[in-house]
Student: 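There's a structure below that I have some questions on.
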Amino acid sequence: MGGATLDRGALGNVYVKIPLKKLNRHGLIAGATGARKTKIIQALSEQLSSFGIPVLMIDVKGDFSGITKKGEEKSFIMERHAKINIPYNVAEFFVELLTLSEQNGVRLRATFLNLAQSYFHEY
């Protein structure tokens, strides 16, 4: 996944690893605004994709739309990767856009069931 940090500084040779066989479990990424949730999800999806594992992301705000284009080398990213001893490679990923609306993308049929609402209305 990446490297660990301590007091906002990168730690060299201390890696965050998740075994692929454990990623079929339930998970939650939560945090306050600015806690880097989007970056964590992006890194996780890129890593899974690089191993050939399909990723379905619900991206209502369009935060991940840039994943289809090759990134730019930026000095602060290169410096961090040098500190944690992980090679940095810019890459692009294949993305198939699905849509529930009339916008561009493959039309997706979905059924939404609001269980919380039906549960609370019964009582």
Student: Do other residues, nucleotides or ligands put more than 12 heavy atoms under 6.0 Å from the NZ atom of Lys74?
Tutor: no
Student: Quick check on the hydrophobic clustering: are Ile29 and Leu20 connected, directly or via other members, by side-chain heavy-atom contacts under 4.5 Å?
Tutor: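 Cluster IDs for Ile29 and Leu20 match.
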Student: Taking only distance into account, with no hydrogens and no angle test, what donor-acceptor pairs under 3.5 Å do side-chain atoms of residues 78-86 form with protein atoms, sequence neighbours excluded?
Tutor:
residue : atom : partner : partner atom : Å
Arg80   : NH2  : Gly3    : O            : 3.2
His81   : ND1  : Ile86   : O            : 3.1
Asn85   : ND2  : Asn13   : OD1          : 2.8

Student: Pair up each side-chain donor or acceptor in residues 39-55 with any protein partner under 3.5 Å, not counting sequence neighbours, and list the distances.
Tutor:
residue : atom : partner : partner atom : Å
Gln42   : NE2  : Glu46   : OE2          : 3.1
Ser45   : OG   : Ile41   : O            : 3.1
Ser45   : OG   : Gln42   : O            : 2.9
Ser50   : OG   : Gln47   : O            : 2.7

Student: Got a sec, which residues hit side chain to side chain contact (heavy atoms under 4.5 Å, CB included) with Lys70, two or more places apart in sequence or on another chain?
Tutor: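 Partners of Lys70 under the side chain to side chain contact (heavy atoms under 4.5 Å, CB included) test: Val90, Glu92.
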